[in-house]
Structure formats: C-alpha cells, structure tokens
Amino acid sequence: MIFSRKNTASALTAAAATAVVALTASPCAVAAFSTTRGVIVPSSRIRSRRGCRPPSFATGAPLRAATTTTTEGGVDTDPVLPSFSTKEEYVSYLKAAGKLPSGFAVGTATGEFVSVEAPAMGKLPIKATVIHLTEGPTDSWAAVFTSNKFPGCPVKVGKSRLSGGHALQALVINNKISNVCPGGDGIAAAELVCDAVATSLNLSGGANSVLPSSTGVIGWRLPAKELAEDIVPTAIEALQTESAFAAAEAIMTTDRYPKLRSKTLSDGTRIVGVAKGAGMIEPNMATMLGYIMTDAMIEKSKLQSMLTEACDRSFNSISIDGDESTSDTVVAIASGLKPLSSEDEFRSALLEVTGGLSADLVRNGEGTGHVIRVAISNFPGSEYDARRMGRHLVNSPLVKCAISGNDPNTGRIAGAIGSFMGKFFPDESVDDMSLTLGGRTIFDNGKFVLEGDAVERELSGHMANAQLGEHDDFPRHQSFVEIGVDFGGSTGSDVTVLGSDLTKEYVVVNADYRS
C-alpha cells in the first residue's frame with residue numbers, strides 16, 4: 001500500500017475583516033440569505049440580480065502597508081502582496097479581496113472519520129468544500145490534471161467529465177484523504193459524494209454535473225458515507241455568496257496559511273482563485289489543487305487554451321521537493337453572467353492570478369525558509385526544457401541546503417547547471433554562460449568572480465534578507481533569493497522558475513505526516 005501526503009486539517013482562525021462588509025454591497029451579489037443563519041439556500045430557491053510579456057511571477061516590492069487594491073468591481077489582491085505584521089492582518093487582507101464573482105457560492109464544513117487502514121489513530125478531522133454555480137450549469141469550464149501514472153480516483157472522474165463534455169454546476173473538495181489507489185472502490189466513493197451534492201442542491205444534471213477533488217493521505221479509503229450523509233450537507237447549508245476565503249482555508253492540508261488571488265477587469269468581470277499545496281510539489285501540467293472562478297462569458301475551448309498556458313507559465317514552473325502529486329488538479333470555471341470585452345485582458349488577468357497563487361504555494365511550502373527565483377535567459381532549447389533545467393537547479397539538495405544556511409556556496413549552483421546540461425544537452429556550449437546571485441555577477445567567461453570578504457558578506461546578506469520563518473503561519477514578506485542564468489546570445493528561451501530551500505522542519509513534517 002502506498003502512503004504519502006499528509007493532511008493535518010490545520011485551519012487558521014480568521015480575524016474579522018472590516019472591509020468584508022463592503023463586499024456584499026455589489027448590485028450583482030446574490031440576495032438569498034437566511035435571516036437566522038446568514039447562509040444561502042439551495043439553487044432551486046436562489047435568485048440573483050444581474051446587470052450589472054505578462055508576468056509569470058510578480059517581482060519583489062518594497063515593504064509597505066497591507067492594503068488591497070480597490071477597483072470598480074470590488075477589492076483585488078495586489079500583483080505583489082504587501083508585507084504583513086500578523087496573521088490577522090493577512091487573513092483580513094484576503095477576506096477583503098475574496099469577493100466571489102457573480103453566480104458563485106461557497107460552503108465548507110468539518111467532520112470526523114475513523115480510518116479503515118489505521119483505526120488505532122482514532123477519530124480524524126476531515127473537511128469538505130462545495131463551490132456552487134447558483135444560476136445553473138455551465139459548459140464553460142476547463143481543467144488540467146496530474147500526469148502521474150497513479151492518479152487519484154477523483155482525477156479519473158474529472159477526466160471523464162471533461163472528455164464527456166458534461167456541464168458543471170458544482171465542485172466538491174475534501175482534504176485529509178486523497179482517494180488514490182484505495183483498497184475499496186475509490187471511483188464509486190467519489191461518485192457517491194458527487195451524488196450527495198447533486199441531491200442536496202437539486203441539480204438537474206445529477207452527479208455528472210459535479211466535479212470531485214481529494215487531497216491527503218495516499219492509499220486510504222475515502223470516508224464517503226461520512227462525507228455524503230453528514231459533512232457535505234452541512235457544507236451546503238453553509239453556502240454563502242460573499243467570499244472565497246472559506247474555500248481557500250478549508251482545502252488546506254499541511255499548508256500553513258490560505259492562498260487566494262483576485263483580479264477585476266476593466267469591464268467589471270472578475271477572476272478569483274484559491275489553491276492549496278505545501279509539499280509533494282513539482283507539477284507537470286497541473287498543481288496540487290487550484291480553483292479559478294470567473295463570471296466572464298467565455299468559450300470553453302478558449303478557456304481551456306488559456307488555462308493550459310497559464311499552468312505552464314506558473315504552476316509548472318515551481319518545485320518544492322521534486323515530487324509530483326497523484327491528485328494535482330487545476331479547474332477554471334465560468335458562470336458566464338457578464339459579457340467579456342477583451343480576451344487579451346482576461347488572459348493577462350488569468351496569468352496574474354495563477355502566477356500569484358503558484359508563488360504563494362512555494363512561499364507556503366513545508367518548512368520553507370527561503371523562496372528561490374531563477375531567471376533563465378537565452379536557454380538553447382524550448383521553454384519546456386528551460387523549465388526542466390530550472391527545476392533541476394532548485395531541486396538540488398546541495399543548493400537547497402546552502403541557501404537554507406545563507407551560505408553563498410556558489411559552486412553548487414554552477415555544478416547543478418553543468419550536471420543538467422551534460423546529461424541532456426551535451427552538445428550545447430556553456431562557454432558564454434553567466435550567473436548572478438542577488439543581482440551580482442558571480443560567474444562569467446568560465447570563471448567565478450568572488451574575490452573578497454565584502455562579496456561574501458553581500459551574497460550571504462542577500463539570502464538572509466529573503467529568509468522566512470519555518471513555522472510562520474502567514475507570509476511576512478515577498479522577497480526571493482534571486483539567481484540569474486544567462487546562456488548568452490540573443491536567441492533561446494526565457495523562463496522563470498521558483499523553488500524553496502531544504503530545512504529541518506521539512507523533514508520533521510514529512511516524518512510524521514499522517515498523525
């Protein structure tokens with residue numbers, strides 16, 4: 001039996017956000033709240049009021065106060081998040097920026113189960129998240145899944161929904177158990193949960209209109225009965241149309257904090273994305289779990305093309321530990337309630353949202369103490385191979401450990417690059433390659449340029465300035481350890497890849513994953 005990812009259902013306690021009140025004032029918000037519980041009711045009783053080079057990874061910015069960007073359509077996250085002094089400040093920022101696009105509702109709930117595989121562990125927590133399209137099913141949805149040869153059962157179901165051309169009206173996500181290669185019938189378990197969502201929401205498309213996702217321990221059976229009969233109905237009772245923050249928080253496993261990005265276009269259409277993932281991250285055609293919601297009216301084929309491009313430029317350009325998950329899924333889904341005036345602007349906004357989320361995943365990595373950003377220029381091959389080289393560099397244990405210790409052992413960087421080029425591009429010259437660290441040239445014309453203690457202090461200081469707390473439950477800053485790799489010439493591929501260092505905390509987390 002395979003055991004891997006852990007889901008300590010660690011939910012952050014959110015402080016109240018003063019700006020959230022303003023989010024419900026939009027004329028496009030769904031007004032179907034219960035006066036006694038502050039939640040919305042199933043879709044059959046809901047009415048809405050209608051009417052109403054792009055960056056792959058944002059560059060660092062000077063420290064500034066944590067304020068969101070206010071637009072005509074709402075409040076957005078900044079392309080580069082500000083600095084935060086407390087977890088409460090970060091949570092308040094995300095809540096203010098998490099206004100859902102028109103036509104979406106989100107509900108979450110927590111329950112318990114006892115694992116069949118490890119009953120001695122007793123009752124374990126599990127969370128369910130339901131994303132509901134309140135105005136009916138949509139054909140305009142796109143998805144990108146893991147290429148792992150042992151995909152989770154929800155991935156198999158999702159691929160079937162996509163290839164079958166099914167319209168969607170809901171998504172259901174659980175943490176703690178990934179439903180991968182379980183002893184029982186994992187597909188039947190996933191379908192049972194989908195059927196529970198469809199029945200509770202009275203969806204005309206039935207279970208086929210629900211897309212499932214699971215993340216967590218590999219090899220364990222999904223507690224489908226508990227989810228279908230208790231947790232999912234409770235999540236549906238909690239559906240609300242205000243903010244996506246609850247979803248960002250509920251899908252977490254070993255994540256230390258929730259991740260959410262948003263962007264309002266000039267025509268008022270809106271994109272909001274949430275993602276989870278802290279370890280087992282080196283995606284190939286996907287990420288851990290990511291959900292992107294928009295109220296734009298856009299064709300399915302165009303949305304799929306844009307999502308695939310966005311994943312290549314963001315989620316496929318990061319690595320925490322070099323391990324690709326069996327559950328990787330990114331979904332983009334459109335309610336289609338608002339006309340889209342510019343597909344180019346939508347594409348740029350989608351790239352901003354996915355680029356921000358992917359950077360957040362690395363910064364939130366298990367035990368991450370530094371985020372490494374590698375800018376590769378003029379690579380003598382395709383962008384795909386350039387990304388491979390970048391991931392090879394950030395996955396080098398020697399490079400990771402040196403950066404963790406703020407040790408400018410630059411020979412390890414050159415060694416990792418030389419290893420990759422020797423294995424995969426043996427006929428390509430590296431004579432014109434130059435390297436920079438923190439903006440300072442450290443290698444040029446086949447030689448290192450490192451003379452003097454002042455250079456050593458400068459390089460070490462650059463790493464120290466980018467250091468994060470391994471136990472921090474919010475991102476204090478957006479700084480990177482900056483590495484530049486230029487192969488010379490004026491042709492070739494340019495990409496940016498993100499990675500993280502390797503700390504004792506990463507080992508501790510993954511040595512005690514399932515408890």
Side-chain angles (χ1 to χ4, degrees), residues 1-5 7 113 115-117 126 128-131 137-139 141-199 203 205-228 232 251 253 275-277 280-292 300 303-304 307-308 311 315-316 323-333:
M1 182 172 293
I2 302 172
F3 292 106
S4 182
R5 298 288 353 120
N7 286 5
F113 75 103
S115 166
V116 174
E117 292 78 9
I126 187 170
T129 299
V130 175
I131 299 174
T138 179
D139 291 313
W141 67 279
V144 180
F145 299 102
T146 182
S147 62
N148 193 300
K149 287 295 185 179
F150 291 102
C153 294
V155 170
K156 294 178 181 179
V157 173
K159 288 182 176 180
S160 176
R161 300 272 199 271
L162 187 64
S163 63
H166 294 285
L168 290 186
Q169 196 172 353
L171 289 75
V172 59
I173 307 110
N174 71 270
N175 71 355
K176 195 62 179 179
I177 302 296
S178 66
N179 194 10
V180 176
C181 303
D185 189 339
I187 290 179
E191 291 286 14
L192 178 63
V193 175
C194 290
D195 185 68
V197 173
T199 299
L203 303 184
N208 281 332
S209 65
V210 182
L211 188 76
S213 295
S214 299
T215 179
V217 178
I218 293 174
W220 285 11
R221 293 171 177 84
L222 185 72
K225 184 175 183 293
E226 292 88 339
L227 286 166
V232 162
I251 62 177
T253 53
K276 63 81 54 183
M280 205 175 185
I281 293 182
E282 181 175 299
N284 184 12
M285 297 305 294
T287 181
M288 287 293 289
L289 293 180
Y291 305 95
I292 299 162
K300 180 182 181 70
L303 184 60
Q304 183 66 62
L307 179 65
T308 299
C311 285
F315 299 119
N316 286 346
D323 286 325
E324 181 190 2
S325 169
T326 54
S327 304
D328 293 345
T329 300
V330 177
V331 179
I333 187 166

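- Here the side chains of Thr129 and Tyr291 are not in contact, with every heavy-atom distance at 4.5 Å or above.
- The CG atom of Asn208 sits 11.0 Å away from atom CG of Leu203, with the distance rounded to the nearest 0.5 Å.
- Looking at heavy atoms from C-beta onward, Leu211 lies in side-chain contact with Leu171 at the 4.5 angstrom threshold.
- By the 4.5 Å heavy-atom criterion applied to side chains, Leu162 and Trp141 are counted as neighbours.
- One N or O on the side chain of Ser178 and one on the backbone of Val217 form a donor-acceptor pair closer than 3.5 Å.
- Glu191 meets the salt bridge (Lys or Arg N to Asp or Glu O under 4.0 Å) test with Arg161; sequence neighbours excluded.
- Lys156 is listed as a side-chain neighbour of Ile187, based on a closest heavy-atom distance under 4.5 Å.
- Taken to the nearest 0.5 Å, the OG1 atom of Thr138 stands 6.0 Å off from the CD1 atom of Ile333.
- Nearest heavy-atom pair, Gly219 versus Glu117, reported as atom, atom and distance to 0.1 Å: O-OE2, 3.8 Å.
- The two residues Ile251 and Asn175 have their closest heavy-atom pair at O-CB, 4.2 Å.
- The CG atom of Asn179 sits 11.5 Å away from the OG1 atom of Thr215 when rounded to the nearest 0.5 Å.
- Taking all atoms of both residues into account, the shortest heavy-atom contact from Ala170 to Val197 is CB-CG1, 3.9 Å.
- With sequence neighbours excluded, no residue forms a salt bridge (Lys or Arg N to Asp or Glu O under 4.0 Å) with Lys159.
- Of the listed residues (Pro154, Pro212, Ser213), just one forms a side-chain contact (heavy atoms from CB on, under 4.5 Å) with Ile173, and that residue is Ser213.
- Here Leu192 contributes atom CG and Asp185 contributes atom CG; the two are 10.5 Å apart, rounded to the nearest 0.5 Å.
- Judged by distance alone, the side chains of Ser214 and Asn174 do bring a donor and an acceptor atom under 3.5 Å apart.
- For the pair Pro223 and Ile177, the minimum side-chain heavy-atom distance is below 4.5 Å.
- Of all heavy-atom pairs spanning Leu227 and Ala128, the tightest one is CD2-CB, 4.1 Å.
- Proximity of a side-chain donor or acceptor of Gln304 to a complementary backbone N or O of Ala143 within less than 3.5 Å is detected.
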